[in-house]
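I have placed the structure first, in the form of structure tokens, so that the comments after it can refer back to it.
Numbered from 1 within each chain, the chains take letters A, B, ... in sequence-line order.
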2 protein chains.
Amino acid sequence: ERWDSGTNLLLAAAYVSDAQYNRNIPFETSPQAIRLYYFYNHWTMQVAIYFFICVDLSLALFEEPALFPLPFLATSLAEVLCLMAFFGRLVHFAKVTPQMVFWKDTKNICIMVTIVLTLIDLIICGSLEAVNIHSVRWSRALRPVFLINFPESRQIRRTFRSIRNTLPDILYVFLLFMFSVLIFSLMALKLFGDRGLKTVEGLPYFTNILDIVFELYVLVTTANSPDVMMPAYNFNWWYSLYFITYIIINTYIFMSVFLAVVYNNYRKHLKNEIRKLAYLKRHKMIEAFNILKVQVGTEFVVMEAQWRRLAKVVAPHISSPHLELLLRISDEGQKGHVDKVNFLRLPDLLNIQVVTINVKRHPLEDWMPRVYQSSASLLVQRIVRHRIFVWVYDVIILINAIFIALDEKNPFISHAEWLFLSLYIIEILLKLYTYEPRAYFGRKQFWNWFDMLIIMAALVATLANTTIQSGQCHCFTLQLPLCRLVPEALLYPRFRVIVTTLINIGPTILTFGGLVLVVYYVFAIIGMEAFRGKVRFSDPNFTSPDALVCGNPALKDSAFARDRYCKNNFNDLASSFIVLMELTVVNQCLLLLAGGFALVTHQAAKLYFIGFHIVVVILIVNIFIAFILEAFFVAYSLEKSEVETAIEKKIQELGVGIQEEEMQDGKLIDNVDAKDSGFSGDDGDNKRKDLKGLYFRIASKKYRTVDALLQQMFESEIAPEEEGPSLDEILNFSPGDMYPKNPNFENSA
Amino acid sequence: ERWDSGTNLLLAAAYVSDAQYNRNIPFETSPQAIRLYYFYNHWTMQVAIYFFICVDLSLALFEEPALFPLPFLATSLAEVLCLMAFFGRLVHFAKVTPQMVFWKDTKNICIMVTIVLTLIDLIICGSLEAVNIHSVRWSRALRPVFLINFPESRQIRRTFRSIRNTLPDILYVFLLFMFSVLIFSLMALKLFGDRGLKTVEGLPYFTNILDIVFELYVLVTTANSPDVMMPAYNFNWWYSLYFITYIIINTYIFMSVFLAVVYNNYRKHLKNEIRKLAYLKRHKMIEAFNILKVQVGTEFVVMEAQWRRLAKVVAPHISSPHLELLLRISDEGQKGHVDKVNFLRLPDLLNIQVVTINVKRHPLEDWMPRVYQSSASLLVQRIVRHRIFVWVYDVIILINAIFIALDEKNPFISHAEWLFLSLYIIEILLKLYTYEPRAYFGRKQFWNWFDMLIIMAALVATLANTTIQSGQCHCFTLQLPLCRLVPEALLYPRFRVIVTTLINIGPTILTFGGLVLVVYYVFAIIGMEAFRGKVRFSDPNFTSPDALVCGNPALKDSAFARDRYCKNNFNDLASSFIVLMELTVVNQCLLLLAGGFALVTHQAAKLYFIGFHIVVVILIVNIFIAFILEAFFVAYSLEKSEVETAIEKKIQELGVGIQEEEMQDGKLIDNVDAKDSGFSGDDGDNKRKDLKGLYFRIASKKYRTVDALLQQMFESEIAPEEEGPSLDEILNFSPGDMYPKNPNFENSA
């Protein structure tokens, strides 16, 4: 949301205002400075910086241990190039930011320190390489710093901040948890240590305190349940009670407490950030108002001409009917000026997507009106528009699915494929006949495009398949039509809240992708340095004796080799990422991998796996769950904002709205033109004279992020007149302020 | 909380009031009816009914397949006896309940139907047994109905109601989830089906659609990760992307959505129930007030004498200073009567635990004051009271822990045991010397008792051990002193919120125990009928060939037998429960068990395991997590209630309070008498004349349940004068009312 911070608007206000007001502005507003600022924010610059970050991160693919080996010189040169780009970006940022603010910002310091450290490491490694000594390139683990700290990755940084703030609380629970594990370990040592029990592999069972701690820690992840219990349980029924108690306390209660602590902190910090953003925006908007205000009568207002210029600067691509609509809403009495409360709403107004709809007739209707309007043609159109038409095609797709699940070697079935394909093509043609093509393939009609592309792809692939006669891509093409069920399923009314929430959180899940990437990258670099080449995968059929022990005799007879885990290794970046992904899903994998790598290196290797589990499963997965929970709670308490309601009301008042049926809201809006034609009857309305021929509709609320929703919720709590706290106070908000202590509590003691 | 429902108070009000008011009461209040009601609620009756429920449930231990076999006649007779007891209880309940209410209540109907069904089943089975035909005793799975439906198990019933209300929403997500699994299964069939891949066991990989659906469902539980992926991953690196996508969508996102939906519904229904309870209580209190009210001047009040009689009836064991204190708070102006607002607060007042503290001198001080007050003695007392004394003993316990972790065969270490024990005994003696013994072992000083008992037990066990010279119980006795670290860890200030919350939710976790018991019982009965005797565990060392295949040749070479899972069977109730517990923890166990039992019976057996997973993991574990999350959020937003504050203020005003330091709040309140002595200086205060020699302190808030806290929070939102909705409205509250739809939304369309 470009307007959410209000910065753009403040800059634009300074730009359109006369010079005499400039002394009020806390930063430089020469046209050159503003141009530099816009250039800094230009999309080409942002794409360039992301490109360099990608190059920098992907260097790990080409460095030893490499997926695609390149000489040291090449990768070093590429890295130096990236570092230069980062430095240039930083210098540019320093130019557009007040000096004091720039040096106070830890992220700039972070980037500079990382650049220097990387250069030092490069020089050391390069000189050692020149004399053929291999050394550890430790600075590679620092590369994600660039991804985190550039201003563009605000979301990832926020999640990191949230993690950092959660750490102290998590630490206390973790200590309590480790205390509990230790007590249980001591108990296990005394209970089972002397019994001479053996595990399935014939190893001694629970005789070493460190092994016990490790096994019990893994039991918390449920990875070795019930294997760890079986020897004791086989020996005596009652020993199962020990494990049941352990699982209830440590797996269920403590893991839930971790989630509760993470979630509580996540929510607290999220709300604090949102509050900060909301007040900052208000603060900037008030400054912008002060720059532009003139006195009319007793109150200060912004004149209509200034308002228009401002809106044109901040939103150059806005259509003039849209701008007119916004002005009508802001200047309710049509007095020629906008008052303060309405001016402060401007970013919200600009944020709301208003769909401008041009009512067009079907080209066939223009071309041959007689035929298109004939009763047979109208019947076809009515059938296509009918609900049953959709159902019939759903049934066809389901039958298709059953055919796919059956054996496709049967010639009848492979011929049926053609039948289905032609049915789908007929469907598309009928729809294009009924609906206006430009409306049907409108910018927002994502699912129509989806349908079309799938059928086209299936057609092309099946044709190619028949001519080339290779069975290779056969399997894919057959499946494609099935995907057409996806929108049907997703848009079913019962699933609405779930699906819209899932779509809403899509962008933020990408943020988590970034977060996971950062953590995986660091662990992968460490893992590659520690474990590379220890385990080798060579023969996919495991026929040679070397392949059976993963190229390492230490793994002979181990569960790791027996279950053919050889490909789970740290020999290159891609393999490392997959191993870490498996570890994230936890399960017996954790035990097998930790055990396997402990055999080939030494027992301390287990610490790497436990460390990864703590960071990823306890912190990141829990934050992910907290995030999804919060998204759903926000979705369940979703309400239309006040500003949106105002706009909608205005649109209705002006008579340029589209009736939005409750039922239709989430469904394909195929028949926009059909409904418009109902409207064109009351053309005589004189209110519409300025906006003639256009219809507006508030874009449906589906594609909003959780943050935007929360910010909106919070902003609706700030009174329209409220000035908010001072800038310093805003920047120093802490989550503690949100929950004021009960004043009675302290006094009553 | 006995007073929370207000029923007792309303009954008592009817009891103490004159007959002339009785026409206002909606139920019979003859002394006989009230006696019957009290008898129904008497603890002996409740214990008796729980006894019969336990007997009924535990019959499964004695019926075939039995842990302790008994003849069919004996178990049938016991069951008939239990049924008679349940019927009697029901008749008694019908006597004390208005007829209309009784017959409208589904739980009574449920119990009656279950009694009849069980009798029918018993008769059929008995007659078949007489002619030696074995039939399925299906009514055994109905037994938990009694546990759920008796009025005493309100909590379990509420959780069940919450589950039932969540079901529709869960169902939709589940359908979406199954749709996703099916789509992925079809894709897997096409991607991997023709490649001729083999699993580690050499079986064909992903060739049968039903097997794929099962494997992918199990992958959601993470039980077969990464084994299910390895063949494809070994074949081609890129296939891992399919599994990663699957895991992200189905394991992470869908499982979080399940939690979100369950949590959201749980919270909604919990709040609805709490609101219902709060309004019911208010309603009853207003009725009670109306029964007792007399007019004084312009307002209706309850006279002091009536108030006293009422309080004495509902709380017979209340001490008279405590009663006096409550009266002072209720009748602020000392006008001799209590007004309506203060009367409505009565249940809250009675609920607050006020600790009455008698300041006593140490008996040694009375006995030999000179010696006890000597400077040496005072120095000892000061040392014992000092923080460092506690720390020194913590270090001693930690050293003890290290000694235990070391080998105890070493004679030096086993002698050290005596040293530690004597140190602990010295500690207790010193504490008894310093603190007043009756205060030190007060009713609320749980941890002091705990310390004492542990040291005593360790002493007795070590003595017994040395005299008998058997190493068997050695291991336990050594460990006991370690438990003394538990209170130290738990009461560390940083852990306060966590520990108090965990203690708060303790009782409700028992409710979950009941819930899990019910589900386990039903699944265990079904499992025993389906799988009994299929898998046998005979030889703990797995030496005989029969033991190696768990007594069933079908298991030859299976992973089930190889990992020695034979003891995981359904041959008796206890084993079944342990198997179900393992399934709850999920993990590869699910796969091995489902695979093993599918081998010995038929493939449909897998449905039993999937069904259990859906019920227990998706529903119950998620509700458990939701419950813990909610408990923590309530704890984090914990505030002292208004009523408590009022009482505390009054206690302070009257000058009979104990200074409560923030720091000291959660710690052992060893030195209550020490702090009191500081107070005894200002004895001359004339306000205290009625309450002389006594001190009050609000019992700390630690031991409150989540429900009580929520109810308190909600009640503080009801205005003191508010009458609340009518009884019918209250009983028909639905959660939908809680979230009113935005009125603008509907109008704006």
Side-chain angles (χ1 to χ4, degrees), chain A residues 172-173 176 179 183 186-187 190-191 200 209 222 225-227 230 233-235 240 244 247 251 256-257 259-260 263-264 404-405 475 479 482 489 494-495 498 540 563-564 567 578 581-582 585-589 624-625 628-629 632-633 636-637 639-640 645 648-649 660 739 742 744-745 748-749, chain B residues 172-173 176 179 183 186-187 190-191 200 209 222 225-227 230 233-235 240 244 247 251 256-257 259-260 263-264 401 404-405 475 479 482 489 494-495 498 540 563-564 567 578 581-582 585-589 625 628-629 632-633 636-637 639-640 645 648-649 660 739 742 744-745 748-749:
Chain A
Y172 297 129
V173 187
L176 208 55
F179 175 73
I183 288 269
L186 270 180
M187 220 186 281
K190 294 294 147 188
L191 272 176
V200 181
I209 185 82
T222 75
S225 152
D227 292 337
M230 289 319 288
Y233 179 47
N234 284 335
F235 181 75
S240 65
I244 291 175
I247 284 173
T251 305
S256 301
V257 171
L259 179 58
Y263 184 22
N264 191 59
I404 291 174
C475 46
Q479 295 228 314
L482 283 198
R494 289 289 187 183
F495 301 150
I498 298 158
D563 282 357
R564 301 192 177 170
K567 209 168 179 176
I578 290 181
M581 207 280 307
E582 290 170 12
V585 186
V586 149
N587 226 278
Q588 82 248 51
C589 171
F624 181 74
I625 294 175
I628 288 191
L629 287 180
F632 269 82
F633 295 148
Y636 279 121
S637 59
E639 287 176 18
K640 211 164 241 192
T645 317
E648 254 180 12
K649 222 164 124 190
E660 201 178 357
Y739 297 96
N742 191 337
N744 293 326
F745 188 73
S748 62
Chain B
Y172 297 127
V173 187
L176 209 56
F179 175 74
I183 290 268
L186 270 179
M187 221 187 281
K190 294 294 149 186
L191 273 177
V200 181
I209 185 83
T222 75
S225 154
D227 292 336
M230 288 320 287
Y233 180 48
N234 284 336
F235 181 76
S240 65
I244 291 175
I247 285 173
T251 305
S256 302
V257 171
L259 177 59
Y263 183 21
N264 192 58
I404 292 174
C475 48
Q479 297 229 312
L482 284 198
R494 289 288 187 181
F495 301 151
I498 298 158
D563 282 357
R564 302 195 176 165
K567 207 166 181 177
I578 289 180
M581 206 280 305
E582 290 170 11
V585 186
V586 150
N587 224 278
Q588 82 248 51
C589 171
I625 294 175
I628 289 191
L629 286 180
F632 269 82
F633 296 147
Y636 280 120
S637 59
E639 288 175 17
K640 211 164 241 192
T645 317
E648 253 181 12
K649 222 164 123 191
E660 200 177 358
Y739 298 95
N742 190 337
N744 292 326
F745 188 73
S748 62

Rounded distance (nearest 0.5 Å) linking atom CG of A:Leu629 with atom CD1 of B:Ile625: 9.5 Å
Could you look at B:Ile578 and say if it's the side chain, the backbone, both or neither that has a heavy atom under 4.5 Å from chain A? side chain
Flag the one option from A:Ile244, A:Ile247, A:Thr251 with the top tally of heavy-atom pairs under 4.5 Å to chain B. A:Ile244
